[in-house]
Amino acid sequence: MRTYEDIDLMVLRNDIEGLMKAAKDADETIRERAVKALRAINPDEAREVLRQAQSDPSAKVRRAASGVTLGDVSLHEKTSGQRQIEDKVEENKISIRWLWIMIGTWGVGSLLLALLILVLMFSGGNFGNSAQIIGVLVLGIPGIVMLWVAVKKLREGGQK
């Protein structure tokens with residue numbers, strides 16, 4: 001005699017043979033649950049058992065075999081919906097990752113321009129004028145901030 005917990009364990013273990021045997025159990029409720037589980041998993045080797053369950057003496061088992069029960073969503077439908085959600089989340093992570101890479105690249109470019117201004121400022125032998133100093137500050141400080149934030153965000157994304 002099988003119990004509901006046995007059916008649940010068979011589903012977790014993907015025990016198709018056990019579910020096929022349970023679909024022929026004397027208890028109609030056990031047969032119904034086994035047939036529902038087989039329909040949800042939908043293995044090729046259980047098609048004959050599901051076909052036989054459609055002519056079962058119990059109306060509950062026949063409904064379970066035909067999939068007419070209200071609110072019954074198969075495991076395949078649940079997992080495919082979950083996969084679609086996971087794919088969208090992954091796409092969003094990738095697009096956000098590219099955003100942080102672009103911000104980091106912009107930060108590196110700003111730092112390189114600030115370094116170029118510094119080199120030009122000191123190459124002429126003079127200290128430079130205030131416009132060069134302001135240019136270094138305007139490019140350097142935001143460049144450091146953008147690069148730091150981008151590296152921090154990219155590291156956080158890699159750890160999750």
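Just so it is clear, the model here is predicted, and its values are computed rather than measured.
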dist Arg47:CZ -> Arg51:CZ (nearest 0.5 Å) comes out at 8.0 Å
* Treating Ile, Leu, Val, Met, Phe, Trp and Tyr as nodes and any side-chain heavy-atom pair under 4.5 angstrom as an edge, say whether Ile141 and Ile133 lie in one connected cluster. => yes
Could you check whether any side-chain heavy atom of Met20 comes within less than 4.5 Å of a side-chain heavy atom of Glu48, counting everything from C-beta outward? no
Interatomic distance, CZ@Arg31 vs CG@Leu19, rounded to 0.5 Å, equals 15.0 Å
Side-chain heavy-atom pair Leu139, Leu111 within 4.5 angstrom cut-off: no
Output for pair (Leu113 CG, Leu118 CG), nearest 0.5 Å, gives 11.5 Å
CG (Leu115) and CG (Leu120) are apart, to the nearest 0.5 Å, by 9.5 Å
Can you confirm whether Val151 sits close enough to Leu147 that some side-chain heavy atom of one is under 4.5 Å from a side-chain heavy atom of the other? yes
query: So, are Glu32 and Lys36 salt-bridged, with charged N and O less than 4.0 Å apart?
result: yes
Smallest heavy-atom separation, Gln54 atom then Ser66 atom, equals NE2-CA, 4.3 Å
- Task: Using the rule that two of Ile, Leu, Val, Met, Phe, Trp, Tyr join whenever any of their side-chain heavy atoms come within less than 4.5 Å, decide whether Ile16 and Leu12 are in one cluster.
- Result: no
Interatomic distance, NZ@Lys21 vs CG@Asp15, rounded to 0.5 Å, equals 8.0 Å
In terms of heavy-atom contacts, Gly135 and Ile117 come closest through C-CD1, 4.1 Å
Nearest heavy-atom contact between Ala53 and Val35 is CB-CG2, 3.7 Å
Within the structure provided, determine whether Ile103 and Val149 are in side-chain contact (heavy-atom separation under 4.5 Å). no
Tightest non-hydrogen contact, residues Met146 and Ser110, listed as CE-OG, 3.8 Å
Among the clusters formed by ILVMFWY side chains lying less than 4.5 Å apart, do Trp148 and Ile101 turn up in the same one? yes
Side chain to side chain, Ser55 and Arg62, heavy atoms closer than 4.5 Å
no
Side chain to side chain, Glu28 and Lys60, heavy atoms closer than 4.5 Å: yes
Q) Below 4.5 Å, heavy atoms only, C-beta onward: do Gln52 and Asp56 meet side chain to side chain? A) no
When every non-hydrogen atom of Ala34 is compared with those of Ala23, the smallest separation belongs to CB-N, 3.6 Å
d(Asp27 CG, Arg33 CZ) to nearest 0.5 Å is 11.0 Å
